[in-house]
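Below is one structure, written out as structure tokens; the observations come after it.
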There are 2 protein chains.
Amino acid sequence: MDMDEPAKQRVVLAHSESTDEAQSLLELVELLFFAYRDFVGDPDRLLEDFGFGRAHHRVLHFVARNPGLTIANLLTILKITKQSLNPVLKELIGKGYIISRPGSDDRRQRHLFVSERGKSLAQDLMSLQTRRMARATSECGPESAMVARQFLAAMIEPSERAEALKIAAAQDRLR
Amino acid sequence: MDMDEPAKQRVVLAHSESTDEAQSLLELVELLFFAYRDFVGDPDRLLEDFGFGRAHHRVLHFVARNPGLTIANLLTILKITKQSLNPVLKELIGKGYIISRPGSDDRRQRHLFVSERGKSLAQDLMSLQTRRMARATSECGPESAMVARQFLAAMIEPSERAEALKIAAAQDRLR
DNA sequence: GAATTTATGTCAGTATTATTGACATATTTC
DNA sequence: GAAATATGTCAATAATACTGACATAAATTC
């Protein structure tokens with residue numbers, strides 16, 4: 001590095017903005033990657049025993065949390081196509097984890113519910129993930145969970161945030 | 001609810017533990033799902049323009065952040081098999097985003113580096129993700145980022161945590 | 001009441017990313 | 001020289017996603 005070229009150095013600093021700040025953001029990005037990897041790893045192992053995958057987990061989870069959900073609702077939450085959902089949902093219904101009922105109001109719609117079996121599996125999967133959250137909370141202190149909650153919410157796409165918060169705040173019907 | 005059956009109520013409470021606590025953990029689980037969905041959504045759109053997928057992103061990212069990484073290192077970080085990595089890495093090398101060099105110490109090993117082109121794409125992808133983190137930080141306050149960092153680290157599998165923190169704390173070589 | 005729209009279901013073809021198992025090659029270590 | 005190690009490769013398979021096309025039933029609109 002040429003010591004007598006201060007202009008060049010200024011350019012470098014301008015490009016990297018505040019280095020500490022940038023480094024902190026980078027760390028958050030990578031820690032989120034690792035945290036999520038382990039967060040989904042727990043349920044993955046249990047799901048294997050049932051011949052299910054992550055896609056089954058997500059469907060079962062949101063149906064358990066939002067009984068009476070329609071197909072269209074579910075597709076919006078999961079952001080997948082009906083063609084992707086179909087085989088997964090069919091399998092969950094076929095194996096008796098989810099129950100589909102035509103709507104009484106609009107009979108074209110299907111309202112989805114978990115069976116006792118589905119409720120039980122959804123609970124087991126959920127408890128693996130809340131356990132991880134509980135451990136992190138106990139390590140970082142109860143206030144940290146509130147901050148983490150706020151921070152995660154702020155990461156959600158603004159246009160989706162209200163909807164996501166509404167779902168997350170759903171009365172817990174799993175117990 | 002029968003007001004004169006305190007015993008029953010106690011049983012319910014025992015099963016659900018502290019309801020507020022449980023509800024808070026459930027919310028964290030769901031918010032993490034939505035946050036991560038959007039977190040990976042940004043880069044996905046950019047990657048499409050290059051004919052790359054998420055797998056390419058992860059490889060490019062960790063090579064950019066840890067120049068000289070060996071294949072074995074990379075497999076450990078990503079927790080995938082070499083057969084899964086192979087086509088992705090070959091494509092990144094073939095298109096000139098990553099450079100592979102035999103180790104001078106152990107010539108069986110391959111040391112991976114990003115090219116200028118690879119560095120540039122890695123930067124662009126990273127900035128999409130740090131931007132989201134920056135937005136969340138500005139919404140929740142600078143202290144929140146530190147708490148979020150601690151909380152995410154606590155979510156990582158204890159046996160992996162030291163390694164993950166080491167990687168996340170790597171000097172930023174992207175700029 | 002006929003025409004259109006909507007909610008769902010289904011088929012076919014394809015892509016990405018992952019797996020296991022088997023085997024090849026080069027290099028290092030014992 | 002034999003064994004272990006790091007990487008590369010082939011084949012078969014699976015899970016999860018996509019687009020496009022089309023079918024059906026029910027609701028809505030004209």
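Because only heavy atoms are used, hydrogens play no part in the values below, and waters and symmetry mates are left out as well, while side chains stay in. All chains are named by letter (A, B, ...) in the order of the sequence lines, taking the proteins before the strands, and each is independently numbered beginning at 1.
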Rounded off to whole Å, could you give me the [atom1]-to-[atom2] distance for the [X] and [N] pair?
X	N	atom1	atom2	result
B:L69	D:dA6	CG	P	14 Å
A:L89	D:dA17	CG	C1'	16 Å
B:N86	D:dT7	CG	C1'	9 Å
A:Q83	D:dA15	CD	C1'	17 Å
B:R107	D:dT5	CZ	C1'	15 Å
A:K79	D:dT19	NZ	P	14 Å
A:D44	D:dA15	CG	P	13 Å
A:L85	D:dA17	CG	P	9 Å

Under the 3.5 Å rule, do the base of D:dT5 and the side chain of B:R108 count as making a donor-acceptor pair?
-> yes
For A:G51 and for B:S100, find the nucleotide of DNA chain D with the closest heavy atom, then tell me which residue's nucleotide is more 5'.
-> B:S100
Between A:K82 and A:R54, name the one whose nearest nucleotide on DNA chain D is closer to the 5' end.
-> A:R54
Are [X] and [Y] close enough that some pair of their side-chain heavy atoms sits under 4.5 Å apart?
X	Y	value
A:L69	A:F113	no
B:M133	B:R135	no
B:R149	B:L165	yes

Once you apply a heavy-atom cut-off of 4.0 Å, does [X] come out as touching a base, just sugar-phosphate, or nothing?
X	value
B:H56	sugar-phosphate
A:D105	sugar-phosphate
B:D106	sugar-phosphate

Walk along DNA chain C from 5' to 3' and tell me the first and last nucleotide with an atom closer than 4.0 Å to a non-hydrogen atom of chain A.
-> C:dT6 to C:dC11
D:dT9 OP1/OP2 closer than 4.0 Å to side-chain N/O of B:K90 | yes
With a 3.5 Å cut-off and no angle check, do the side chains of B:S127 and B:T130 form a donor-acceptor pair?
-> no
Aromatic B:F39 / basic B:R132 pairing, under 6.0 angstrom, 45° off normal = no
Evaluate the side chain to side chain donor-acceptor pair (under 3.5 Å) criterion for residues B:T76 and B:N73: first the C-alpha distance (whole Å), next the side-chain angles of each, then the deciding distance (0.1 Å), finally the verdict.
-> CA-CA 5 Å; B:T76 302; B:N73 292 157; 5.7 Å; no
Parallel, tilted or perpendicular: rings of B:Y97 and B:F50 (30°, 60°) = perpendicular
